[in-house]
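The chain is numbered in sequence order, starting from 1.
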Amino acid sequence: MAERKRDRVEFLSLLEPVRDALYGYARRALWDKELAADVVQESVLTAWRSLAKFEPGTNFRAWIFRILVNTIYNFNR
């Protein structure tokens with residue numbers, strides 16, 4: 001349980017600096033602020049569920065943006 005809490009704190013500390021950029025990108029891609037917020041939320045949840053696949057020390061911003069782009073792509077299908 002303590003490990004999961006530590007993971008959550010670490011994840012949130014990595015997410016905080018890129019959160020606004022994720023939303024801004026989604027807003028420009030989708031042209032709808034509510035939809036952009038939903039897509040960002042889905043992307044963050046996907047990233048959280050896939051955190052074990054993220055290699056510490058690599059570029060978190062690039063990793064989560066790839067998840068966001070894939071989520072937008074899947075939404076637009």
Side-chain angles (χ1 to χ4, degrees):
M1 181 74 125
E3 183 177 330
R4 189 70 170 170
K5 184 175 180 179
R6 187 180 64 231
D7 286 348
R8 182 178 46 205
V9 169
E10 182 180 337
F11 179 75
L12 292 174
S13 71
L14 291 169
L15 179 63
E16 185 61 31
V18 299
R19 188 180 57 187
D20 290 341
L22 291 169
Y23 176 73
Y25 183 88
R27 180 91 189 263
R28 286 186 302 278
L30 298 168
W31 295 54
D32 182 293
K33 63 183 179 181
E34 287 85 16
L35 185 56
D38 289 345
V39 168
V40 169
Q41 182 177 14
E42 183 64 32
S43 299
V44 169
L45 287 172
T46 300
W48 171 248
R49 290 181 194 124
S50 304
L51 188 58
K53 296 177 183 177
F54 175 69
E55 295 181 34
T58 61
N59 190 339
F60 179 80
R61 181 183 175 95
W63 181 74
I64 199 163
F65 262 90
R66 174 48 48 199
I67 292 171
L68 176 65
V69 168
N70 289 339
T71 304
I72 291 169
Y73 175 78
N74 288 334
F75 174 81
N76 283 328
R77 277 186 181 180

Which side-chain N or O atoms in residues 21-36 pair as donor and acceptor under 3.5 Å with protein atoms at least two apart or in another chain?
from : atom 1 : to  : atom 2 : distance (Å)
R28  : NH1    : G24 : O      : 3.2
W31  : NE1    : R28 : O      : 3.0
D32  : OD1    : E34 : N      : 3.1
D32  : OD1    : L35 : N      : 2.7

The reported gap from OG1 in T71 to CG in N76 (rounded to nearest 0.5 angstrom) is 11.0 Å
Same hydrophobic cluster for I67 and F75, using side-chain heavy-atom links shorter than 4.5 Å among ILVMFWY? yes
Are L45 and V39 linked, directly or through intermediate hydrophobic residues, by side-chain heavy-atom contacts shorter than 4.5 Å (ILVMFWY only)? no
Taken to the nearest 0.5 Å, the spacing of L15 CG from W48 CH2 works out to 11.0 Å
| request: Decide yes or no on side chain to side chain contact (heavy atoms under 4.5 Å, CB included) for R66 and N70, but give the supporting numbers first. | output: CA-CA 6 Å; R66 174 48 48 199; N70 289 339; 3.5 Å; yes
Sequence neighbours left out, cut at 3.5 Å: what donor-acceptor pairs do the side chains of residues 51-65 make with other protein atoms?
from : atom 1 : to  : atom 2 : distance (Å)
T58  : OG1    : E55 : O      : 2.5
N59  : OD1    : R61 : N      : 3.0
N59  : OD1    : A62 : N      : 3.1

Output for pair (L68 CG, I72 CD1), nearest 0.5 Å, gives 4.0 Å
